[in-house]
Amino acid sequence: MNNQPFFLRCIRESCQQEFEITQKLYQCPTCSDLLDIVYNFPKIEGTQIRETFRQRRTSRDPLDLSGVWRYREFLPFAQKDLSNVITLGEGNSPILETPNSANYVGLTHLRVKHLGWNPSGSFKDHGMTVGLSQAKTLGSRVVACASTGNTSSSMAAYCARAGIRAVVFIPEGQIAYGKLAQTLDYGATTIQLEGDFDVAMSLVQELSEETDLYLMNSINPFRLEGQKTVMLELFDQLDWKIPDRIIVPGGNLGNSSSYGKALMELKQLGLIDKIPRITIIQASGADPLYRTLVTSSKELVPVSNAWTLASAIKIGRPISWKKALRALNFTDGWCDVANEQEIADAKAMLGSDGIGCEPASATTIAGLKKLLESSEHGASIDPDEDIIVILTGHQLKDPEYTINYHLDNLYQHAIYENLITEKSGKLISTFANQPIPMAADKEDIVRLLDL
Ligand code: F0G
């Protein structure tokens, strides 16, 4: 296998079995561990490849315009297979200054890369364009995923574009409305399962073993190859001035894993000397990686009945935990947690920067604030560091959360059915911006606005 340009390899040190890239595998058939896509990279000259990436930005070729396929030297596709690429012009998300959030966390300046500005409104599009292109190359007729809402929206969009049937499994009543709306609009068969994400994930894994379904969760290594290009685009945008730290939310742990892999490959090729430290932030009610790390456990410490209002990351048994740990080890990184109150206020703060995001993305700012205030060894962050925060999902994915926050009506546990029927654990709406009901009286309005 080693003479192939790319192949699959089991990540377990004691196994490392290799497989053809065309095999429809998600886990090692021998030891069931995760698989990596490994490259026999040709010699890549730094100045030249950086210039190639820059030139492609000015091209009109859809492959060059995609913020994923622009970096195709790092993707496992032969030239002949590029005709199967399914792209919606993903990537190309901006890096933005966030002065209010910087001040809130205690920094003089802070930048975010907002992956919510992708076609389906989340970072998943980076992985999905590659996953669906591989599905097309393999001739798959139906693809499936379990999801807390963003994977399913993205997969549904790319399936619609590819003309491939999409089946999504979502935990009933536990995904944000914007995401459900997208999945329906893109025409996916949408199965609302009784049970949480972890139940849906194991079910769809079994189905993909036993039937024709092509699994599109991040256990599929092609997904992570696409998400990996976020690092390439980021460094390209930064003119290869590598930041000190990258902060990313953690759920099923595919994203952080893919960033770690990108950094390993870039280092191996000599394209970067410096390794930014990856900091993963989980919600404190759904913190299996954090628990695993602080107990130095060799096995995942799962969280049964994981809970957070940041529904995208309400996951107790993340699939890619081993790869995420590998990313933390390679980058001397860390995983920490933020609680519901911290996440809610951090989200409002990002909103005040004119940017906004969905709750899961705001864990990053909440965690950063906490870590800057912390003096705990290994966990603290130095205020002089050059930090990039990765925002993963668009503000409009979960408007209900935002509205309830600003109406001072956000509860840690609540069943919302137009009116709240059950509630407990009221959160404080520290930065609430309430709408003002008024009659259409000009004088009253002038008085109110102090004009
Ligand atoms: N942020 C958002 C907005 C997400 O949708 C997710 C995951 C994450 C962060 C965490 O990323 O899983 O790679 O660690 N959403 C998945 C889904 C699980 O089904 O949409 P991760």
Side-chain angles (χ1 to χ4, degrees), residues 98-106 110 112 114 116 121 148-150 171 173-181 249 281-287 305-314 337-370 373 389 391-441 444-451:
T98 54
N100 292 340
S101 302
N103 186 38
Y104 177 66
V105 301
L110 179 63
V112 300
H114 204 326
T148 56
N150 278 327
Q174 297 182 41
I175 76 164
Y177 246 49
K179 304 176 188 179
L180 178 60
I281 310 293
Q282 298 198 296
S284 54
D287 61 345
N305 302 319
W307 180 263
T308 168
L309 291 176
S311 55
I313 51 172
K314 187 169 167 292
V337 291
N339 69 30
E340 297 299 306
Q341 184 67 55
E342 291 163 339
I343 298 169
D345 288 338
K347 191 180 112 50
M349 197 45 69
L350 275 160
S352 80
D353 273 313
I355 290 172
C357 62
E358 67 167 282
S361 309
T363 53
T364 49
I365 295 292
L368 175 57
K369 179 171 167 60
K370 217 174 112 179
E373 287 162 2
V389 165
L391 298 181
T392 44
H394 198 281
Q395 186 183 33
L396 296 178
K397 289 272 189 178
D398 192 354
E400 198 179 22
Y401 179 103
T402 310
I403 288 173
N404 282 316
Y405 179 87
H406 288 290
L407 295 182
D408 197 18
N409 196 28
L410 194 61
Y411 291 82
Q412 284 195 40
H413 296 274
I415 298 173
Y416 292 93
E417 279 167 1
N418 295 328
L419 290 174
I420 297 174
T421 52
E422 275 180 56
K423 59 187 182 186
S424 68
K426 167 113 180 38
L427 298 178
I428 302 164
S429 295
T430 318
F431 307 112
N433 178 23
Q434 300 221 10
I436 306 164
M438 286 199 79
D441 182 316
D444 278 358
I445 291 172
V446 168
R447 209 170 307 125
L448 173 89
L449 300 178
D450 198 16
L451 294 174

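For this chain, numbers begin at 1 and follow the sequence in order.
Residues satisfying the side-chain contact (heavy atoms from CB on, under 4.5 Å) test with Asp408, not counting sequence neighbours, are Lys426, Ser429, Gln434. Glu340 pairs by the side-chain hydrogen bond (donor to acceptor under 3.5 Å, both in side chains) definition with Thr308, not counting sequence neighbours.
A pairwise comparison of heavy atoms in Ala312 and Ala360 identifies CB-CB, 3.7 Å as the closest pair. When every heavy atom of Asn433 is checked against every heavy atom of His406, the shortest pair comes out as N-ND1, 2.9 Å. Summarising the geometry of Tyr411 relative to Ser424, their closest heavy-atom pair is CB-O, 3.6 Å, with the distance given to 0.1 Å.
With no hydrogens or angles considered, no side-chain donor-acceptor pair links Ser284 and Asn339 at under 3.5 Å. Between the side chains of Lys347 and Thr402, at least one donor N or O lies within less than 3.5 Å of an accepting N or O. Of the N and O atoms on the side chains of Ser361 and Thr392, at least one donor lies less than 3.5 Å from an acceptor on the other residue.
Checked for salt-bridge contact, Glu358 and Lys179 meet the test: a charged N lies under 4.0 Å from a carboxylate O.
With a 6.0 Å cutoff to the six-membered ring centre and a 45° limit on the axis angle, Lys369 counts as a cation-pi contact of Tyr104.
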Under the criterion side-chain contact (heavy atoms from CB on, under 4.5 Å), I'd like the reasoning laid out for His114 against Cys357: C-alpha separation, chi angles, the key distance, then a yes or no. CA-CA 8 Å; His114 204 326; Cys357 62; 4.0 Å; yes
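Considering only heavy atoms from C-beta on, Asp345 comes within 4.5 Å of Tyr405 through its side chain.
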